[in-house]
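Lettering of chains follows the sequences in order, A, B, ..., and the numbering in each one begins at 1.
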Amino acid sequence: MLHIVNKSPTERNSLDSCLRLATDGSAVLLIEDAVYAATRGNPGSTKLQAAMGRLKFYALEPDLKARGVAARVMDGVTLVDYGGFVDLVAEHRNCQSWL
Amino acid sequence: MSDEIEMEEGGGVVKKFMFLNRKAPYGTIYALEGLEVVLISAAFEQDVCMAFVDDGVYQLMKDVDTSGIEMKNFSKTYRALEGYDIEKLYVERESMELRGLTEDDFIVDVTVLSSAELAALMAEQDVVISH
């Protein structure tokens with residue numbers, strides 16, 4: 001399953017719910033305001049770090065650049081462009097958007 | 001329109017306005033719309049300040065490049081505020097530090113205040129407008 005999160009971890013609890021309900025081996029793609037979770041120093045990065053052994057994390061690079069945080073991405077998160085976003089959706093049997 | 005004329009004829013009542021920004025930019029329209037309102041308010045010659053709290057501190061990040069998401073980059077507009085006599089920009093220290101940010105990460109010079117200091121400043125305003 002591919003989980004897609006688009007809300008800031010310091011504004012909504014979407015990331016918490018996703019991490020709680022995503023089964024081991026799932027992929028999590030962070031887009032829009034959720035990309036802040038993948039930045040060093042953000043409280044979301046601690047949660048990502050804790051889940052990194054069982055989930056694979058991706059972040060949409062155009063959204064990181066638009067927010068001025070592309071240079072702050074934590075280790076272990078794979079950056080993708082829009083083409084990579086499409087590939088992730090195609091590669092996984094199903095996906096879930098945490099709106 | 002009639003309000004504007006009355007205010008000018010009345011000798012210009014100056015009130016203290018705080019624009020409180022709590023939303024990250026680009027993910028929603030709040031930050032851009034809020035900034036437009038602040039710029040419009042400059043025409044009314046009021047005592048205006050802006051406060052950045054919670055995810056609102058992300059509005060001030062440097063090195064913004066929106067070409068990949070095909071949205072207007074309005075980050076540079078914060079630097080133009082000075083030209084509109086909006087020079088009082090406050091950032092809540094607690095919000096900044098929670099996100100691992102420092103003043104050096106911001107595109108403009110700001111005054112960093114503690115929650116208690118910002119609370120006191122907020123309490124002395126005539127009007128607080130939140131986006």
Side-chain angles (χ1 to χ4, degrees), chain A residues 4-16 18 29-50 58-88 97-99, chain B residues 20-35 51-79 89 91-110 112 115 130-131:
Chain A
I4 302 172
V5 182
N6 77 334
K7 295 291 187 285
S8 164
T10 42
E11 197 198 351
R12 307 279 187 90
N13 61 5
S14 316
L15 179 68
D16 292 327
C18 169
L29 171 62
L30 306 170
I31 66 169
E32 300 171 13
D33 285 345
V35 298
Y36 291 120
T39 62
R40 291 188 299 276
N42 183 287
S45 69
T46 313
K47 296 170 182 175
L48 261 55
Q49 193 67 50
Y58 301 86
L60 194 63
E61 192 169 24
D63 281 330
L64 287 157
K65 286 182 172 172
R67 287 160 181 77
V69 294
R72 308 177 66 90
V73 179
M74 64 187 292
D75 291 338
V77 174
T78 305
L79 303 188
V80 295
D81 58 12
Y82 286 102
F85 187 161
V86 173
D87 290 341
L88 283 171
S97 286
W98 292 88
L99 298 180
Chain B
L20 176 62
N21 297 276
R22 295 184 48 251
K23 295 279 204 292
Y26 304 111
T28 63
I29 202 70
Y30 291 96
L32 175 58
E33 291 291 327
L35 192 54
F52 298 87
V53 172
D54 298 329
D55 277 358
V57 300
Y58 281 133
Q59 293 180 25
L60 301 174
M61 294 299 287
K62 281 178 185 168
D63 302 327
V64 165
D65 172 8
T66 59
S67 56
I69 61 169
E70 297 183 13
M71 287 179 75
K72 178 186 169 189
N73 179 345
F74 59 86
S75 292
K76 291 188 179 99
T77 310
Y78 294 97
R79 287 211 297 238
L89 306 180
V91 167
E92 187 199 21
R93 182 179 303 282
E94 285 76 355
S95 297
M96 180 180 81
E97 291 181 347
L98 179 72
R99 290 162 182 77
L101 304 178
T102 68
E103 283 178 74
D104 293 339
D105 294 313
F106 300 142
I107 195 167
V108 282
D109 290 333
V110 299
V112 178
S115 300
S130 187
H131 330 270

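Your options are Asp63(A), Val69(A), Asp33(A), and the one with the most heavy-atom pairs under 4.5 Å with chain B is Asp33(A). Chain A forms more heavy-atom pairs under 4.5 Å with one residue of Asp65(B), Asp63(B), Thr66(B) than with any other, namely Asp65(B).
Surrounding CZ of Phe74(B) are more than 12 heavy atoms belonging to other residues, nucleotides or ligands, all under 6.0 Å away. Counting heavy-atom neighbours within 6.0 Å of Arg22(B) CZ, excluding the residue itself, gives a total of 12 or less.
The OG1 atom of Thr10(A) sits 5.5 Å away from atom OH of Tyr58(B), with the distance rounded to the nearest 0.5 Å. Rounded to the nearest 0.5 angstrom, Asn73(B) CG and Lys65(A) NZ are separated by 13.5 Å. Between the CD1 atom of Ile69(B) and the CG atom of Leu64(A) there is a distance of 10.5 Å, given to the nearest 0.5 Å.
Residues Tyr36(A) and Arg99(B) fail the side-chain proximity criterion, which asks for heavy atoms closer than 4.5 Å.
Shortest non-hydrogen contact noted between Val64(B) and Gly68(A) is CG2-N, 3.8 Å. Closest approach of Gly68(B) to Pro62(A), counting heavy atoms only: O-CB, 3.7 Å.
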For this session: Show the numbers, then the answer: is there a side-chain contact (heavy atoms from CB on, under 4.5 Å) between Arg12(A) and Asp55(B)?
Result: CA-CA 11 Å; Arg12(A) 307 279 187 90; Asp55(B) 277 358; over 6 Å; no

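For chain A, the nearby part of Asp105(B) is the side chain; its heavy atoms alone come within less than 4.5 Å. Of the two parts of Ile107(B), neither the backbone nor the side chain holds a non-hydrogen atom closer than 4.5 Å to a non-hydrogen atom of chain A. In this structure, chain B has a heavy atom under 4.5 Å from the backbone of Arg40(A), while its side chain stays farther away. No part of Asp54(B) comes within reach of chain A, as not one of its non-hydrogen atoms sits under 4.5 angstrom from that chain.
Judged purely by atom type and a 3.5 angstrom limit, Arg67(A) has no side-chain atom pairing as donor or acceptor with the backbone of Ala24(B).
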